[in-house]
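Read the structure below first, then the notes.
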Amino acid sequence: SAIMGRIKRGALIVFEGVDRSGKSTQCKKLVESLKKQNVKAHFMAFPDRTTSTGKLIDEYLRNKDCKVNDHAMHLLFSANRWENVDKMKAFLNDGITLIVDRYSYSGIAYSAAKKNMEIDWCKQPENGLPKPDKVLFLMVNQEEIMLRPDFGNERYENREIQKKVFEVYQQLFKENDNFESIDSARSIEDVQVEVLKKTLETIKSVENLPLSTL
Ligand code: DGP
Ligand code: NA
Ligand code: NA
């Protein structure tokens, strides 16, 4: 009723960046920070390795010898996002802000980085997914990251691929007005202060606006 008023929707906040740029750490801290301020928030990560498509994706990422057609693999990653759409919309409509570790832009960047994969083709299966209200792109020194001891375990973790992935991300950055660059070469705490500020601003600015689609 008019007296009850509408529930203000949650914001869809996505973190993007190359491997080991600090996304997961920042996402988890951000959900904690928001909850401390009594802002309803929920963490999600893509690929979601727990679902049936996620198990295939996990096998593909961990086993570099696993050969699957690149186009088929792209659609599988996309399906993994589509599987979660109803859940995402339910959270947002309940006024819960979603903090998401990777999304469609990872899908486009990592697939288009491959030979014979065109960026425009890669964008198509993402059409119609909920559009992020803000994409926080974590910027780091790639050379430094690749020296870390835990770098290099999974399929895409090599210099050549990461460089191409970054190039596609740069193009996406130019094309999308929801992208914001965050200097992730600072301390975890300093980065967190900035992402919390951007997130709170975004929540406020979209709470009465409808969710749009990619
Ligand atoms: P993470 O769990 O965030 O480390 O991501 C796993 C890896 O999968 C990472 O190298 C990025 C890549 N990735 C994430 N989403 C997609 C996608 O939609 N398509 C492709 N090809 N790769 C993806
Ligand atoms: Na990774
Ligand atoms: Na390509």
Side-chain angles (χ1 to χ4, degrees), residues 12-31 43-85 88 98-132 135-140 142 145-146 148-173 176 179 182 184 195 214:
L12 179 52
I13 309 288
V14 167
F15 280 73
E16 290 283 3
V18 296
D19 285 87
R20 317 282 158 155
S21 51
K23 296 181 300 302
S24 305
T25 305
Q26 290 299 331
C27 281
K28 285 171 191 157
K29 275 192 167 290
L30 180 56
V31 172
F43 170 75
M44 290 183 86
F46 290 107
D48 173 358
R49 302 189 193 213
T50 65
T51 67
S52 50
T53 62
K55 293 199 175 80
L56 295 170
I57 290 169
D58 182 58
E59 165 71 11
Y60 173 79
L61 289 171
R62 286 189 299 106
N63 180 0
K64 288 176 192 166
D65 296 328
C66 172
K67 288 199 172 44
V68 185
N69 174 279
D70 288 335
H71 290 82
M73 208 55 224
H74 182 72
L75 297 174
L76 198 60
F77 272 102
S78 184
N80 185 253
R81 286 182 279 278
W82 278 103
E83 274 185 324
N84 279 290
V85 167
M88 291 172 77
L98 290 179
I99 305 301
V100 185
D101 185 355
R102 295 193 183 280
Y103 194 58
S104 295
Y105 311 101
S106 284
I108 299 162
Y110 282 79
S111 286
K114 296 172 184 174
K115 283 190 207 87
N116 308 318
M117 292 287 283
E118 294 301 326
I119 189 163
D120 286 333
W121 188 90
C122 293
K123 286 176 186 170
Q124 299 312 313
E126 308 301 315
N127 280 350
L129 285 171
K131 181 183 175 182
V135 181
L136 298 173
F137 185 78
L138 299 194
M139 289 283 278
V140 282
Q142 279 182 296
I145 283 185
M146 286 181 287
R148 291 184 190 171
D150 57 352
F151 193 83
N153 298 328
E154 287 201 329
R155 177 176 291 263
Y156 297 124
E157 298 189 355
N158 72 66
R159 178 174 276 104
E160 219 176 313
I161 295 176
Q162 296 290 318
K163 194 168 167 282
K164 283 188 188 142
V165 166
F166 183 72
E167 284 166 13
V168 184
Y169 267 136
Q170 278 184 305
Q171 182 172 340
L172 296 174
F173 198 108
N176 290 282
F179 267 67
I182 304 287
S184 189
V195 301
L214 290 176

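First listed ligand is number 1; within each ligand, the first listed atom is number 1.
- No donor-acceptor pair under 3.5 Å is formed between the side chain of Asn176 and the backbone N or O of Phe179.
- The atoms of ligand 1 that sit less than 4.0 Å from any heavy atom of Gly107 are 17 (C), 18 (O), 19 (N).
- Residues Phe137 and Tyr105 keep their aromatic ring centres 6.0 Å or farther apart.
- Residue-level proximity to ligand 1 for Asn80 is absent, since no heavy atom of it falls below 4.0 angstrom.
- Salt-bridge check for Glu167 with Lys163: passed, with a basic side-chain N closer than 4.0 Å to an acidic carboxylate O.
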Using distance only, find each side-chain donor-acceptor pair of residues 74-81 under 3.5 Å and give its atom names and separation, not counting sequence neighbours.
| unit_1 | atom_1 | unit_2 | atom_2 | d |
| --- | --- | --- | --- | --- |
| His74 | ND1 | Ser111 | OG | 2.7 |
| His74 | NE2 | Cys122 | O | 2.8 |
| Ser78 | OG | Pro125 | O | 3.3 |
| Ser78 | OG | Glu126 | OE2 | 3.2 |
| Asn80 | OD1 | Asp48 | N | 2.8 |
| Asn80 | ND2 | Asp48 | O | 3.0 |
| Asn80 | ND2 | Thr51 | OG1 | 3.2 |
| Asn80 | ND2 | Thr53 | OG1 | 3.0 |
| Arg81 | NE | Glu126 | OE1 | 2.9 |
| Arg81 | NH2 | Glu126 | OE2 | 3.1 |

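- Those atoms of ligand 1 with a heavy atom of Leu61 less than 4.0 angstrom away are 6 (C), 7 (C), 8 (O).
- Taking every heavy atom of Ser106 and a limit of under 4.0 angstrom, the matching atoms of ligand 1 come to 14 (C), 15 (N).
- To the nearest 0.5 Å, atom CZ of residue Arg155 and atom CG of residue Asp65 are 8.5 Å apart.
- Looking only at distances, no side-chain donor or acceptor of Ser21 sits under 3.5 Å from a matching main-chain atom of Val140.
- Proximity of a side-chain donor or acceptor of Asn63 to a complementary backbone N or O of Glu59 within less than 3.5 Å is not detected.
- Neither the backbone nor the side chain of Lys23 has a heavy atom within less than 4.0 Å of ligand 1.
- Checking only distances, Tyr156 does come within under 3.5 Å of ligand 1, N or O to N or O.
- When the options Arg155, Gln162, Arg102, Arg49 are ranked by their closest heavy atom to atom 2 (O) of ligand 1, first place goes to Arg49.
- Close N/O approach between Ser111 and ligand 1 is found [any backbone or side-chain N/O within under 3.5 Å].
- Any N or O atom pair closer than 3.5 Å counts here, and Glu154 shares no such pair with ligand 1.
- Residue contacts with ligand 1 do not include Glu157, since none of its heavy atoms lies under 4.0 Å from the ligand.
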